[in-house]
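A quick note: this is a predicted structure, and the numbers were derived from the prediction, not measured. Counting starts at 1 for both ligands and their atoms, in listed order.
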Amino acid sequence: MSETIKIAYLYEDLMNTYGDSGDVKILSFLLKEKGYDTQVDNISLGMKFNAFDYDFVFFGGGQDFEQSVVATDIQRHRQTIKDYIESDKPMLCICGGYQFLGKYYETSSGKTIKCLDVLPLHTVFKADSRMIGDTEYKTPWGTVKAFENHSGRTYFDDKTKLKPFGEMVEGYGNNPDDGQEGMRYKNTIGSYSHGPILKNENVARGIADEIIKAHKERMKESAK
Ligand code: GLN
């Protein structure tokens with residue numbers, strides 16, 4: 001019987017714009033190729049969540065309305081998400097999910113959504129343009145091609161701690177000023193890329209390998 005890799009999808013029913021749930025499907029496919037079954041748990045409103053029960057945490061994108069609903073619930077999970085990220089465990093956050101890692105997100109209607117404040121970044125709104133269209137950027141895993149659609153502009157508050165996920169060739173990425181896409185911190189990636197992003201096999205295979213490593217460590221820990 002194959003071992004089962006456990007994936008937590010934070011608010012899957014609310015945070016899944018532009019096919020982001022495809023990222024989890026691609027990972028399940030690649031993990032199956034390597035001989036693992038996957039169990040994907042939708043961690044939705046009101047549910048209990050311990051990030052350390054999982055080998056991978058995924059957080060997709062959402063519209064401003066869904067983000068404001070998630071904001072009413074997510075603070076309960078702040079500590080477990082922070083500890084999980086700091087323990088070097090793998091996590092991928094897309095667009096609205098990425099924005100949630102920072103301090104706050106200012107929406108186009110002028111509302112400020114309090115975010116998790118687990119990483120030094122914040123997201124603001126400026127009226128002149130929504131960042132929408134194809135993107136291409138260079139990452140340590142090679143070139144990534146994707147699609148973005150967001151009004152939030154993300155800025156790092158501590159550039160010594162956070163590294164960009166990529167350098168833009170086409171499109172906006174984090175904001176119209178920096179020429180950078182997304183964020184890397186330890187084993188966590190934040191990105192504005194939909195498409196889904198993991199149709200880029202180079203990144204998908206890299207993350208699948210990290211998930212298998214995390215799974216083996218978790219199994220070792222639980223056998224102690
Ligand atoms: N609502 C957020 C924004 O517009 C995130 C959008 C998304 O996740 N696609 O910036």
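Every residue two or more places apart in sequence or in another chain that forms a ring-ring contact (aromatic ring centres under 6.0 Å, His included) with Y9 is listed here: F58. Qualifying side-chain contact (heavy atoms from CB on, under 4.5 Å) partners for T72, counting only residues two or more places apart in sequence or in other chains: none.
For the pairing with I5, the side-chain contact (heavy atoms from CB on, under 4.5 Å) check across F56, Y54, Y36 returns one residue only, Y36.
A tilted orientation is assigned to the rings of H194 and F147, their planes being inclined by 30° to 60°.
Sorted by chain and number, the heavy-atom contacts of ligand 1 below 4.0 Å come from T17, Y18, G61, G62, Q63, D64, Q67, C95, G96, Q99, Y105, R130, N149, H150, S151, G152, H194.
A donor-acceptor contact under 3.5 angstrom links the side chains of Y185 and E86, judged on distance only.
Taking a 4.5 Å side-chain heavy-atom cut-off between Ile, Leu, Val, Met, Phe, Trp and Tyr, the cluster of V124 extends to Y104, Y155.
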